[in-house]
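Taking it in order: structure first as C-alpha cells, then the write-up.
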Amino acid sequence: MIPFPIGPFTTLDAVAVGMLVFLWVLTGWLVENPPKSRLSVSVLMAEYRRDWMRQFVTRQPRIFDANVIDSLRQGTAFFASACMIAIGGGIALIGNSAKLEGLAQDLTIKSDGVVLELKIFLMIAFLANALLKFIWAHRLFGYCTIMMAAVPNEATDPEAYRRAAQAAEINITSAKSFNRGLRAIYFALASLAWLLSPWALLATTLLASGVLMRREFASTSRMVIMDNAAK
C-alpha cells in the first residue's frame with residue numbers, strides 16, 4: 001500500500017482507525033450473537049442470572065442477593081468514575097499544547113500538536129462510550145434492585161416468579177451494558193498505540209480483539225461455566 005495524505009494523515013492511518021472501529025463493532029456483535037455451537041461467556045452467564053432470580057424467590061433471608069447487587073453497582077460506579085477521570089485527563093492534555101508537545105518529545109513522536117490532539121481524541125471517544133454504558137448499567141442495576149424488592153416473600157404467590165423473571169431480564173440487560181463498557185475500554189487502550197504509528201495501532205487492535213475473543217470463547221472460565229451448565 002502506498003500511503004497518500006488525507007489531511008494530516010495517511011491512507012495507513014485511515015485503514016488502522018477503520019480496522020479499530022470495525023473490530024470493536026464486530027467483537028461486540030459476536031459476543032452478543034454467538035453461534036449456537038459456540039456460546040460466549042456473556043450469553044452463558046445470562047442463564048445463570050435467570051437461575052439466580054429463580055433461587056432468589058425461595059431464599060430466606062435475601063441478604064445475600066442484596067449484597068450481590070450492591071457489589072455489581074459498586075463495580076459499575078468504579079469504572080464510571082475511572083472513565084470520567086481518564087476523560088478529564090485527556091481533555092486537559094489536549095487543552096495544554098506545551099504539555100502535549102513535551103509528551104511527544106518524551107515518546108520521540110514526530111507529529112504536530114493537531115495530529116496528536118486528534119489521536120488522543122479517538123481514545124477519549126471510546127472512553128466516553130464506556131462511561132455512558134457504565135452509567136446506564138449502574139442505573140439498570142438500581143432498577144433490578146427495586147424489582148427484586150417487589151418480589152413477594154411467598155413462593156406460592158402467583159406474582160413471585162413472574163416478577164423474579166422480570167428482574168432477571170433487567171439484570172441481563174445491565175450486564176450487557178456493563179460488558180459493552182469494558183470492551184470500549186479495551187479498544188480505548190488499543191487506540192493509544194496510534195500515538196506511536198498506524199502499524200502499532202493495527203497491532204494493538206488485533207491484540208485487543210484476540211484477548212476479548214479468547215476470554216469469551218476459549219477461556220478456562222468458559223470451560224468451567226460450560227461444565228457446570230452440563231451438569
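The CZ atom of Arg38 sits 7.5 Å away from the CE atom of Met226 when rounded to the nearest 0.5 Å. Of the inter-residue distances, the one linking Met45 atom CE with Trp52 atom CH2 reads 9.5 Å to the nearest 0.5 angstrom. In this structure, CD1 in Ile69 is found 10.5 Å from CZ in Phe64, a value given to the nearest 0.5 Å. Going from atom CZ of Arg180 over to atom CD1 of Ile185 covers 15.0 Å, rounded to the nearest 0.5 Å. Between the OG1 atom in Thr76 and the CG atom in Leu182 there is a gap of 10.5 Å [rounded to 0.5 Å]. Note that CG of Asp65 and CE of Met53 are 6.0 Å apart. Values are rounded to the nearest 0.5 Å.
The two residues Ala130 and Cys83 have their closest heavy-atom pair at CB-SG, 3.9 Å. Leu44 and Tyr48 make their closest contact through O-CD1, 3.4 Å (heavy atoms, listed as atom of the first residue, atom of the second, distance). In terms of heavy atoms, Arg222 sits closest to Leu39 at NE-O, 2.8 Å. Annotation for Ala167 and Cys144: closest pair O-SG, 3.5 Å, computed over non-hydrogen atoms. The two residues Tyr186 and Val211 make their nearest non-hydrogen contact at CE2-CG1, 3.9 Å. The two residues Ile170 and Leu140 come nearest to each other via the heavy atoms CG2-O, 3.4 Å.
Ser221 and Ser219 share a side-chain donor-acceptor pair at under 3.5 Å. There is no side-chain donor-acceptor pair under 3.5 Å between Ser174 and Asn171. For the residue pair Asp51/Gln55, the side-chain donor-acceptor check at 3.5 Å is not satisfied.
With hydrophobic clusters built from ILVMFWY side chains whose heavy atoms lie under 4.5 angstrom apart, Trp199 shares a cluster with Leu122. No chain of hydrophobic side-chain contacts below 4.5 Å, direct or via other Ile, Leu, Val, Met, Phe, Trp or Tyr residues, connects Ile135 to Leu72. Neither Val151 nor Met147 shares a network with the other; the hydrophobic side chains, linked directly or stepwise wherever heavy atoms of I, L, V, M, F, W or Y lie under 4.5 Å apart, form separate groups for each. Hydrophobic clustering (ILVMFWY, side-chain heavy atoms < 4.5 Å, transitive): Met148 and Ile172 are in distinct clusters. Residues Trp29 and Leu206 are members of one and the same hydrophobic cluster, defined by side-chain heavy-atom contacts under 4.5 angstrom among Ile, Leu, Val, Met, Phe, Trp and Tyr.
Here the side chains of Leu192 and Thr204 are not in contact, with every heavy-atom distance at 4.5 Å or above. Side-chain contact between Glu216 and Ser42: present, with at least one pair of heavy atoms (C-beta onward) separated by less than 4.5 Å. In this structure the side chain of Thr11 reaches within 4.5 angstrom of the side chain of Val15, judged on heavy atoms. Counting only heavy atoms from C-beta outward, the side chains of Thr58 and Tyr161 approach each other to under 4.5 Å. In this structure, the side chains of Phe187 and Ser209 come closer than 4.5 Å at one or more pairs of heavy atoms. Under the 4.5 Å side-chain criterion, counting only non-hydrogen atoms from C-beta, Leu20 is in contact with Ser191. Within the 4.5 Å cutoff, the side chain of Asn179 has no heavy atoms near those of the Val31 side chain. Considering only heavy atoms from C-beta on, Ile120 stays 4.5 Å or farther from Glu117 through its side chain.
Both the sub-6.0 Å distance and the 45° axial angle are satisfied by Arg62 relative to the ring of Phe56.
Met19 CE: 12 or fewer foreign heavy atoms inside a 6.0 Å radius. Within 6.0 Å of atom CZ in Arg59, more than 12 heavy atoms from other residues, nucleotides or ligands are found, so the atom counts as buried in its surroundings. No more than 12 heavy atoms of other residues, nucleotides or ligands sit less than 6.0 Å from atom CE of Met84. Atom CD of Glu154 sits in a sparse spot, with 12 or fewer heavy atoms from other residues, nucleotides or ligands closer than 6.0 Å.
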**Report entry** Pair Leu212-Phe217, side-chain contact (heavy atoms from CB on, under 4.5 Å): steps then yes or no
**Finding:** CA-CA 9 Å; Leu212 285 168; Phe217 295 100; over 6 Å; no
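Two rings, from Phe126 and Trp24, have their centers less than 6.0 Å apart. Aromatic ring centres of Phe178 and Phe141 lie farther apart than the 6.0 Å criterion allows.
Every residue two or more places apart in sequence or in another chain that forms a side chain to side chain donor-acceptor pair (under 3.5 Å) with Glu47 is listed here: Arg50, Arg54.
A distance-only check finds no donor-acceptor pair linking the side chain of Asn33 to the backbone of Leu30 [under 3.5 Å].
With salt bridges taken as basic N to acidic carboxylate O contacts below 4.0 Å, one links Glu32 and Arg183.
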